[in-house]
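Letters A, B, ... are given to chains in the order of the sequence lines, protein chains preceding strands, and every chain is numbered from 1.
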There are 2 protein chains.
Amino acid sequence: MTPEEVAATQKFKVGEMSIAARTPILMEGANSAQLFTVLSGMGLRYKLLADGSRQIVNFVLPGDFIGLQASVMGEMAHTVEASTDMRLCVFDRTEFWTFFRAHPERAYDLTWLAAVEERFLGEALTALGQRPALPRIVWALLTIWERARLVDLTEGPSMPFPWRQQDLADALGLSLVHTNKTLARLRQSQLLTLSPGKLTVHDPEALRRTAGIEEVEVPQRPIL
Amino acid sequence: MTPEEVAATQKFKVGEMSIAARTPILMEGANSAQLFTVLSGMGLRYKLLADGSRQIVNFVLPGDFIGLQASVMGEMAHTVEASTDMRLCVFDRTEFWTFFRAHPERAYDLTWLAAVEERFLGEALTALGQRPALPRIVWALLTIWERARLVDLTEGPSMPFPWRQQDLADALGLSLVHTNKTLARLRQSQLLTLSPGKLTVHDPEALRRTAGIEEVEVPQRPIL
DNA sequence: CGGGAAGTTGAAGCCAGTCAAGATTTGTGG
DNA sequence: CCACAAATCTTGACTGGCTTCAACTTCCCG
């Protein structure tokens, strides 16, 4: 961005906002007047079904954009919830589109962000549809870990992991019990350790090989 | 669109193109100079894995937009292939962005299309992650059927279905055998008939109930 | 220190995968 | 127009990865 663009973007930032852990940010079906960029903290996107089951659609990290669906389609297709305390950059929806009409490059970035999410969901779908439990879990954790690296959340091989095993299970379409047992196997193989609050990836290369994963490529993306 | 907008859009249409059934339109990893809107015919989006398995990411119907990922991220994350003969409206990528800078409303539409795809993939992920085989198949077929209705491909309760059972299986993460047996059960229950080339939905309401699906809502979306 | 949430582990059962063979349809060359 | 081959669909039998059920342990936090 040029300095002028940054200034213009700043002008449309309504403010910042703190959210406590375990609090919903946007609910499924909501048509919020606000949009957010995550400044810090982590969260979850999920859908709830009538029978009480839950599908976690993605994990939310700093830099993520929240509320695009509501802006463009009129309502969110999933709920977004804070897993840790979060700080959000708040934009106003109406101003937002005014801003975009004036800055087509930002519209391009927005489309880019949507395309990145689409791409990720395609990969997630492939993991759920085609991979057995162990490679599926490896794929998910490696992907989160790579994303965390890009936003500097890692300390060497480790990163904060504020999610429960139940969350991971709900993301991957596995039962909690099987998820737990598979994580135990991974821990014993010394390739990866998931302990409460912390994920450590000891050998990404070996993990990729044992799980038959070609590569975990997190695409470059713009930040608003 | 206003008449002027239609005219401007027409100007950036490079031409039309016919594609034979079973021909790839855009390959995974490709960075095409062209974008397409489907005028007629049906296709598939899919990803291939190293072990030879295949995940079908979506079914392609008239009105669908192809090539957004390559435009914005530099490469396609999946392959798009024609299942029937198709006619495509061709746009040039470079001109395209020029056009969009001049017409922000079209940029809005593009983002909308990306958001619709993101929403669909979230629902597909939920189906694969949370639903057993029978409701999963019902969800997929009802969704395709509703989409087909919106573009007037249905004749009463029926629609052309150019895909094999193997395609459906690869879309839903099920084996061909189990897909076949589940389809047989649905046929016997008189709710739905899938025969080669033709899908007939006899009782959408009852299907939704037996499959525990709240509603199949295909969001409104712009067409370029 | 007590209670609730999260993590762990074992046992039993089932949904869906795999293997295998046959039936049906489609396409094609003689 | 027929005959053969290839692709797709169908069905049965067996197997196994994952789910469910259940109990126990560990970790927090008030």
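- At whole-Å resolution of the value, CG in B/L194 and P in D/dC9 are 8 Å apart.
- If you check every strand for non-hydrogen atoms under 4.0 Å, B/G197 touches nothing.
- Rounded to an integer number of Å, the gap from A/R136 CZ to D/dT19 C1' is 13 Å.
- Rounded to whole Å, the distance from NE2 on B/H178 to P on C/dC19 is 17 Å.
- Between B/N180 and D/dC9, a side-chain N or O to OP1/OP2 separation shorter than 4.0 Å is absent.
- Comparing D/dC9, C/dG7, C/dT18 by their nearest atom to the side chain of B/Q165 picks out D/dC9.
- Without hydrogens or angle criteria, A/R93 side chain to A/S32 main chain gives a donor-acceptor distance under 3.5 Å.
- Ring geometry for A/F91 against A/F65 counts as tilted: the plane angle lies between 30° and 60°, on a 0 to 90° scale.
- At whole-Å resolution of the value, CD1 in B/I137 and P in C/dC15 are 15 Å apart.
- When the C1' atom of C/dG17 is taken as reference, atom CD of B/Q166 falls 13 Å away, rounded to whole Å.
- Within the 4.0 angstrom heavy-atom criterion, only backbone atoms of the sugar-phosphate kind lie near B/R187; the bases stay farther away.
- Counting to the nearest Å, the P atom of C/dT26 and the CZ atom of B/R22 are 13 Å from each other.
- The CZ atom of A/R131 sits 21 Å away from the P atom of C/dA16 (whole-angstrom rounding).
- Spacing between atom CG of A/L176 and atom P of D/dC21 amounts to 13 Å, rounded to whole angstrom units.
- Ring planes of A/F161 and A/F59: tilted class, angle from 30 to 60°.
- Side-chain atoms of B/E118 do not come within 3.5 Å of backbone N or O of A/E117 as any donor-acceptor pair.
- Among the heavy atoms of the strands lying under 4.0 Å from B/L174 are primed sugar atoms or P, OP1, OP2 only; no base atom is included.
- Taking the charged nitrogens against the carboxylate oxygens, A/R147 and A/D64 do have a contact shorter than 4.0 Å, which makes a salt bridge.
- Nearest-nucleotide assignment on DNA chain C puts the 5′-proximal partner with A/P196, out of A/P196 and A/K181.
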